[in-house]
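For reference, the structure discussed in these notes is given below.
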There are 2 protein chains.
Amino acid sequence: MASQKNGKKISIQTVERLSIYRKILEELHDEGVTHIYSHQLAKLVGVTPAQLRRDLASFGSFGNISKGYNVYQMILTLSRLLGTDTIQPVALVGMGNLGRAILAYRGFEERGFHIAVIFDVDSEKVGRVFAGRRCFHLKDLETVLPDYQPTIAILACGAQGLQNIVDRLGKSGVRGIINFVPKKITPVRGMYLEDVDISAKMEKISFLLRAKSGEGN
Amino acid sequence: MASQKNGKKISIQTVERLSIYRKILEELHDEGVTHIYSHQLAKLVGVTPAQLRRDLASFGSFGNISKGYNVYQMILTLSRLLGTDTIQPVALVGMGNLGRAILAYRGFEERGFHIAVIFDVDSEKVGRVFAGRRCFHLKDLETVLPDYQPTIAILACGAQGLQNIVDRLGKSGVRGIINFVPKKITPVRGMYLEDVDISAKMEKISFLLRAKSGEGN
DNA sequence: GTCTGTGAAGCTCTTCACAGCG
DNA sequence: CGCTGTGAAGAGCTTCACAGAC
């Protein structure tokens, strides 16, 4: 999928773990830990030491054989890889309960994602300012977006006309989409889509519980 | 992982697609479609026909060689597998913005998941009734839960003391957890855990955009 | 001809196990 | 001794391609 300068490949599964590594490493850094061994870090994040070493080796080697991994250096590298070393403007579509929750969530800002602009179709919300962000009408998407230039958009709106919104976002330069709406959409060429389907998660758990097998860990 | 009566295995990846299949099939059923071919359904859900056939074959055969798959029969089977043919009580921990969004989300009830009881620690919220559900103080978890007997809990609260909440939920009979809190928890034996980390999703997209490669679809 | 179900191949990700270093 | 980085093996998932049914 994605490859690094050194010619090695970073698998999609590895990428999904990178965020977790960075998060734990930041906690360690705050505690004053400067170096850590793979088996220690692996235990903290919940993966095997072998997998952790393989993951980290896929984008460079930080391991000192006697001291373990350099915590700070890894945070820097991970942040650069994950694009959280700069502030990225994000557009939020839909200002219902979920939109409000997303806007209120501090985790985004901490990691460099700044929700810069909001869209909705409800006249109750359009024109208002939520936590410092103005809410525009969805129909003005094309004229408003250039002022904020978000590369990522979060969809937390109703299901109807969703694909059309995606297409319009794509034409306005949005390259990544997080979709909370339980409706299948097709990303435009070059766009990256990530679905978050909470019902699907519930059903997955429900299936696993019903299938019993008594594992789960 | 989980195996079916007929001895075949249903992979975890297949399970994650089952919800999507069912959802699309229900839409088709509402439109009056009684049978559908794998390539048609595959296109609607966004997988390859081969994968769809393999998935469906893993828990029984519904395909009629000339007519395709029986829509209604598949919905029934999928619902039984996913445990959405009966109503399942769910506990919600945390009544902030996210908790409110989850409570307001109609998709759960439609699929048989009923948020039956809410917990929080905020005295502003404890004792109040939200959308028909009483909010109890978290300290009363053990005395309140038996009245509702949820098998699944949704965590949408603060990070501190989270593991302790998980342990207590486990002791009170909760078997599955959906965790929205960006904090690593360890499920108790026999418990199944599903994390929903929105920041991680953002970072994944951010990585893929930065890694460029111009794919994404 | 078109369809499903499936063996077999291909691909990806994880784990093992050890060389090399300190 | 214990550590990292990695070839090689293993496990799991997807795709190919076709037999068999209509």
Side-chain angles (χ1 to χ4, degrees), chain A residues 1-18 20-21 25 33-71 73-74 77 204 207-208 211 213 215 217, chain B residues 1-18 20-21 25 33-71 73-74 77 204 207-208 211 213 215 217:
Chain A
M1 281 278 162
S3 61
Q4 283 312 108
K5 299 88 197 156
N6 55 19
K8 296 186 181 180
K9 293 244 187 93
I10 300 185
S11 77
I12 198 73
Q13 313 277 339
T14 297
V15 173
E16 299 196 340
R17 286 186 291 267
L18 257 39
I20 309 170
Y21 296 158
L25 285 165
V33 179
T34 62
H35 292 78
I36 190 167
Y37 296 124
S38 65
H39 65 269
Q40 298 173 314
L41 183 53
K43 183 146 199 179
L44 287 172
V45 303
V47 298
T48 63
Q51 181 161 77
L52 177 62
R53 291 202 301 276
R54 174 84 57 193
D55 281 347
L56 296 184
S58 70
F59 55 89
S61 298
F62 306 98
N64 178 303
I65 291 182
S66 54
K67 293 194 289 180
Y69 291 86
N70 182 320
V71 172
Q73 194 184 344
M74 275 175 61
T77 305
K204 180 181 169 188
F207 172 89
L208 291 164
S213 32
E215 34 176 15
N217 185 20
Chain B
M1 281 274 161
S3 60
Q4 283 311 108
K5 299 88 195 157
N6 55 20
K8 296 187 183 179
K9 294 246 187 90
I10 299 186
S11 79
I12 198 74
Q13 313 277 340
T14 297
V15 174
E16 299 196 340
R17 285 187 291 268
L18 256 40
I20 309 170
Y21 296 159
L25 284 165
V33 179
T34 61
H35 291 79
I36 190 166
Y37 295 124
S38 65
H39 66 268
Q40 297 173 314
L41 183 53
K43 182 145 202 183
L44 287 172
V45 302
V47 298
T48 63
Q51 180 162 75
L52 176 62
R53 292 201 301 275
R54 173 90 51 200
D55 281 346
L56 297 184
S58 70
F59 55 88
S61 297
F62 306 98
N64 177 302
I65 291 182
S66 55
K67 293 194 288 179
Y69 291 86
N70 183 319
V71 172
Q73 194 184 345
M74 277 176 60
T77 306
K204 180 180 168 190
F207 171 88
L208 290 164
S213 31
E215 35 178 15
N217 182 20

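Worth knowing before you read on, the calculation uses all heavy atoms, side chains too, and leaves out hydrogens, waters and symmetry mates. Naming: A, B, ... by sequence-line order, numbering from 1 per chain.
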Could you write out each protein N or O paired with an N or O of nucleotides 4-6 of chain C at a distance under 3.5 Å?
| unit_1 | atom_1 | unit_2 | atom_2 | d |
| --- | --- | --- | --- | --- |
| C/dT4 | OP1 | B/S38 | N | 2.8 |
| C/dT4 | OP2 | B/S38 | OG | 2.6 |
| C/dG5 | OP1 | B/S61 | OG | 3.4 |
| C/dG5 | OP1 | B/G63 | N | 3.2 |
| C/dG5 | OP2 | B/Y69 | OH | 2.7 |
| C/dG5 | N7 | B/R53 | NE | 2.8 |
| C/dG5 | O6 | B/R53 | NH2 | 2.8 |
| C/dT6 | OP2 | B/K8 | NZ | 3.1 |

| With sequence neighbours left out, what residues match A/D55 under side chain to side chain contact (heavy atoms under 4.5 Å, CB included)? |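 With sequence neighbours excluded, A/D55 shows a side chain to side chain contact (heavy atoms under 4.5 Å, CB included) to A/T14, A/R17, A/Y21, A/Q51, given in chain and number order.
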
Interatomic distance where [atom1] belongs to [X] and [atom2] belongs to [N] [whole Å]:
X	N	atom1	atom2	value
A/Q13	C/dC11	CD	C1'	13 Å
A/N70	D/dT4	CG	C1'	14 Å
B/D55	D/dT15	CG	P	10 Å
A/I12	D/dC13	CD1	P	17 Å
B/L41	C/dC3	CG	P	14 Å
B/L52	D/dC13	CG	P	17 Å
B/I10	D/dT14	CD1	C1'	17 Å
A/Q51	C/dA17	CD	P	17 Å

| field | Separation of A/N70 CG from A/T77 OG1 (nearest 0.5 Å) | value |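 So the OG1 of A/T77 and the CG of A/N70 are separated by 9.0 Å.
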
| query | With sequence neighbours excluded, what pairs up with A/Q73 under the side chain to side chain donor-acceptor pair (under 3.5 Å) test? | reply |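 Once residues adjacent in sequence are excluded, A/Q73 has no partner under the side chain to side chain donor-acceptor pair (under 3.5 Å) criterion.
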
| message | Check the phosphate of C/dT15 against A/T48, side-chain N and O only, distance under 4.0 Å to OP1 or OP2. Yes or no? | response |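 Yes, within the criterion.
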
| Considering the terminal five base pairs at each end of the helix from C/dG1-D/dC22 to C/dG22-D/dC1, what angle separates the two local helix axes, rounded to 10°? |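 The end axes of the helix from C/dG1-D/dC22 to C/dG22-D/dC1 are about 20° apart, to the nearest 10°.
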
Would you list the atom pairs, donor with acceptor, under 3.5 Å between side chains in residues 34-47 of chain A and any protein atom, with sequence neighbours excluded?
| unit_1 | atom_1 | unit_2 | atom_2 | d |
| --- | --- | --- | --- | --- |
| A/Y37 | OH | A/S66 | O | 2.7 |
| A/S38 | OG | A/R53 | NH1 | 3.3 |
| A/Q40 | OE1 | A/Y37 | N | 2.9 |

| request: Applying side chain to side chain contact (heavy atoms under 4.5 Å, CB included), run through B/N64 and B/Y69 and close with a yes or a no. | output: CA-CA 6 Å; B/N64 177 302; B/Y69 291 86; over 6 Å; no

